[in-house]
Each structure stands twice: as C-alpha cells, then as structure tokens.
There are 2 protein chains.
Amino acid sequence: MPRTGRDGRYHHGDLRAALIDTAVEIIGERGVRGFSLAEASRRLGVASSAPYAHFADRDEFLAAVAVHAYELFNKQFLPEINEFPEPADRLAALVRSYVRFAGAHRPLFEVIFVAGLDKTRHPEVKAAEKPFEDAYTDIVRTLSTDGPESGHPTGEARTPAPESGHLTGEAADLAAAIEAAAYGHAMLLLEGDYGRGGEAVELAADRAARATLALVESRHLLRRRAP
Amino acid sequence: MPRTGRDGRYHHGDLRAALIDTAVEIIGERGVRGFSLAEASRRLGVASSAPYAHFADRDEFLAAVAVHAYELFNKQFLPEINEFPEPADRLAALVRSYVRFAGAHRPLFEVIFVAGLDKTRHPEVKAAEKPFEDAYTDIVRTLSTDGPESGHPTGEARTPAPESGHLTGEAADLAAAIEAAAYGHAMLLLEGDYGRGGEAVELAADRAARATLALVESRHLLRRRAP
DNA sequence: GTCTATATCCCGATAGAC
DNA sequence: GTCTATCGGGATATAGAC
C-alpha cells in the first residue's frame, strides 16, 4: 500500500512487505530463476538499491519469501488435516493440501522447493518449516507402529515412539515414498502435465491423495533390508 | 578432441559436440540455470560468438543437449527392462532405470526435466523422447488390462487397446501415479535428500522401484470416477 | 568454421546525500 | 528509509574479416 509523501514521490511504509508481494507476482510470470531484485524495485517505483536496506543480498531476500510461504501454508492448509481422525486419511489430506498449496501459490511453492536455497545458511527457513515437518512425521510414525495391519494385539506393550527426530525402519520407507509421491505430483502439476486451470489442481491433488492411500495400503512392499 | 592448427590456435573439428560436452560439465557444477554459452566458449578457448555458427540461440542449444540426453537414455538404460518378462517387474525396472539415469547423468536429467524447455517449439526433443514414452505406455496398458487382479475370466472378449496415443481410465490413473513417483524420487535424489554418493542413487532407485510395485499392487485405489 | 570487435542490456551491490 | 549515482561484471547476439 504505497502512499505519497509531501514531495510527490512514492514512499512505502513497508517496502519489505511490498517487495515480497511483488516478488510473488514476478515469479508467477517468469519463475524463480527469472526473478531479480532490480525488476521488483522497478515495478514498485523505488531505486534498485532500496531493497538492500532490508536484505543483505538476493538469497536472504528469497529466504524471507520462503519463510512467508511456510507461514501461509501452516496457517491456511495445514489445519485441513484436522477434519480426519484416522491416520491414513490424515496423511492423504496432508498430501492433498500440499499439492493444493503448490497449485494455489505456485510462486511460493517454487521458492521453497525449486529455488534451491541452502537451508543450512538460513535457519529462519528451517524454523518456519518445522510445524509442517512435525505434522508429517507424527502421522507417519503413528501409521507404521499403529497401522491396521501392524498386527499388535490390543494391550500389547509398545515401545514409545521417539518424541522427535528422524524416522527409522518401516516409517522411514513409507515417509520417503509418500514424500516423493507428493513432490512428484506437485511438480508435474506445475509443469502443466495436468492442464492449467483449477480443475488441474484438484485432479493432481486427488491423484496424490489416492496414491498416498495406495502406498499406505501396500506399505509392506516398501520395506528395505537394513543396509 | 581439440587439435592445434598451424597458427598455434585451437580449432575444433566438431565444436558442436565439444560444446555439448562442456555444457554437461558446467551444468554439473552450477546447474542448468547457471549455464551460459559464454562460459562454455571460454572453457573451450573459442570466441563467445562461435556457438552461434551452430545454434540459433541458447534455447536451441539446450534442446540439442536434451536430444543427446534422450538418445543416451534410450541406448544405455531403456534396454535394462528387457531382463524382466512380467509387466509389473518391467515397470519397476523402467522406474529404476529412470532414477539411475537421473543419478548417473544429473546434468542431462536436469536439462530434460528442470530446464523448462518449451517442447512444442522443439519437435526434435519430442521425437527423441518417443521410444521412452512408448515403452512406458505399452507396459502400463498391459498392466491395467491384463494384470493379475483385473478379474477377467480367461477367454473373455476384451476391447483391444488402442495402438498408441493417450491412456484412458485405470491405465491413465496408474500411469500418472507412477510417473509422479518416479519423478519425485529422482528430484529428491538430485536435491540431496538421499545423500551424495553412488549409494544414494541406488537407495533412491530401489525405493522408487518398490513404490512402483506398491502402486501396482493397490492400483484399484487409484481409480477415479469419470469427470 | 572460427575469429575479433562491438553493441546492448540487465543484474548485484556499494557509497554517500537527503 | 529511500534516493541518486556509479562500479564491475556477465550475458546474448550481430557484423564482418580471415
């Protein structure tokens, strides 16, 4: 929301936020790799050097966009899974939300997954993605220790799942398969393999959700011998 | 193989081929988006304008690299599937080969799938990928009309599958799921999610192959209602 | 087929004034 | 916080000589 100062020039109360909005626009048109801070400045009518008052360099700016992307996902899409009590359905819903997010906010999805940011250099990004990762690992862990086919008689003592951290064994295999399926569907959607409109998004999301259920159903086939 | 002329300067008998080799090098270091014809020329010791004697522009050059990539895949990896008689195993082998190719020839895989070439503008690329596509659709079609769980009593009359072109119904759903799984595993491999060395490639390829078998096994869950 | 030379354009980033 | 001015670098692409 630019406002005009006494001198007739445009000034932005929040150039930082305006830059992120404009970046989303540009990335939507040209892709992440076609984005430049210079063009964003041009569109906002500010000097090409103005962004450097808020961000050290281009990478740090993209990291800020990535954080924005995760916050949006966590707020708007993650809650969708709470409609489902069963772990398998929750997982399918999570995958569906993931693909929907890719379709509805393609530029943000691109920044997160296609830009190739070095996350180790941007801890803010890692922190922002944590809610999503936690939701995911929680469900997968539940599924592989408590699934309908795991064969635990009622009341049997179970080793408690670790509270956080990496998955192991069957859970890791299932998680990897579903992660790849979700990512693959999202990428094919963005490449136009499913068409262009909103139906394409739902088609891709639906297929991804079904693939998730199929993988859960046949998860015994995913198991690998210990290396 | 550069040779030296009488004047002491380097000349290339086949600059075209040399450029493609060098492009593979550069893309391996910087990714497709970090590639430029200018740098390739520099490394070969030729003028930055030399490539334009062989290629109209950067995109046409990348299309040539893509054709090279498909030819290599079709020759070196596609034949691997012939070791397996059963359709499901053939499909898993194809997916395994696909991921192995991504790992063994990452730069070429990137050009094909990440560079975002407009294939409609480059018919040579479409022609080069045809053998791969045909092999894929053939197997999927066989699986969804002749699979062990399709429940056709022996001798029942079946509608003959179309000889080429797009898949429909169950076959299309299965094909989409497997395509996404293969692509997803390959991309996660390239992003380093499985680690870096040759073991990472085999891990990803193995997981992709298992996911393929799992999807085939539960393919009834992939079925969508007609739109 | 390759060279030199050049034109044009865009980008990232810095310094210092307002 | 934003501006102007500017440096340095790299890319694409063309024209014309050898």
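So that the names make sense, note that chain A is the first sequence line, chain B the second, and so on, each numbered from 1.
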_B:Glu80 side chain vs B:Ser97 backbone, donor-acceptor pair below 3.5 Å_ = no
*Starting at atom CZ of A:Arg33, determine the distance to atom C1' of C:dC11, rounded to an integer number of angstrom.*
17 Å
*asked:* Measuring to OP1 and OP2 of C:dC11, would you say a side-chain N or O of A:Arg42 lies under 4.0 angstrom away?
replied: yes
*Which residues in residues 48-60 of chain B have at least one heavy atom lying under 4.0 Å from any atom of DNA chain C?*
B:Ser49, B:Ala50, B:Ala53, B:His54
*Between C:dC10 atom C1' and A:Glu39 atom CD, what is the distance in whole Å?*
10 Å
*Would you mind reading off the distance between B:Leu19 atom CG and C:dG1 atom P, rounded to a whole angstrom?*
13 Å
*Please confirm whether the backbone N or O of A:Ala128 pairs with a side-chain atom of A:Asn74, one donor and one acceptor, at under 3.5 Å?*
yes
*Quick one: do the B:Glu191 and A:Tyr183 side chains pair a donor with an acceptor below 3.5 Å?*
yes
*Could you state the atom-to-atom distance from CZ of A:Phe61 to C1' of C:dA13 in whole Å?*
16 Å
*With the side chain counted from C-beta on, respond yes when A:Ile20 and A:Phe61 share a heavy-atom pair under 4.5 Å apart, and no when they do not.*
yes
*Nearest-Å distance, CG (A:Leu37) to P (C:dG12)?*
6 Å
*Would you indicate which nucleotide in C:dG12, D:dT12, C:dC3 comes nearest to any side-chain atom of B:Ser36?*
D:dT12
_Less than 3.5 Å apart, any donor N or O on the side chain of B:Tyr70 or B:Glu133 sitting next to an acceptor on the other?_
no
*A:Arg16 side chain N/O closer than 4.0 Å to the phosphate oxygens (OP1, OP2) of D:dG1?*
no
*Does B:Phe109 have its ring centroid less than 6.0 Å away from the ring centroid of B:His105?*
no
*Looking at every strand, decide which applies to A:Ala38 at a 4.0 Å heavy-atom threshold: base, sugar-phosphate, or nothing.*
sugar-phosphate
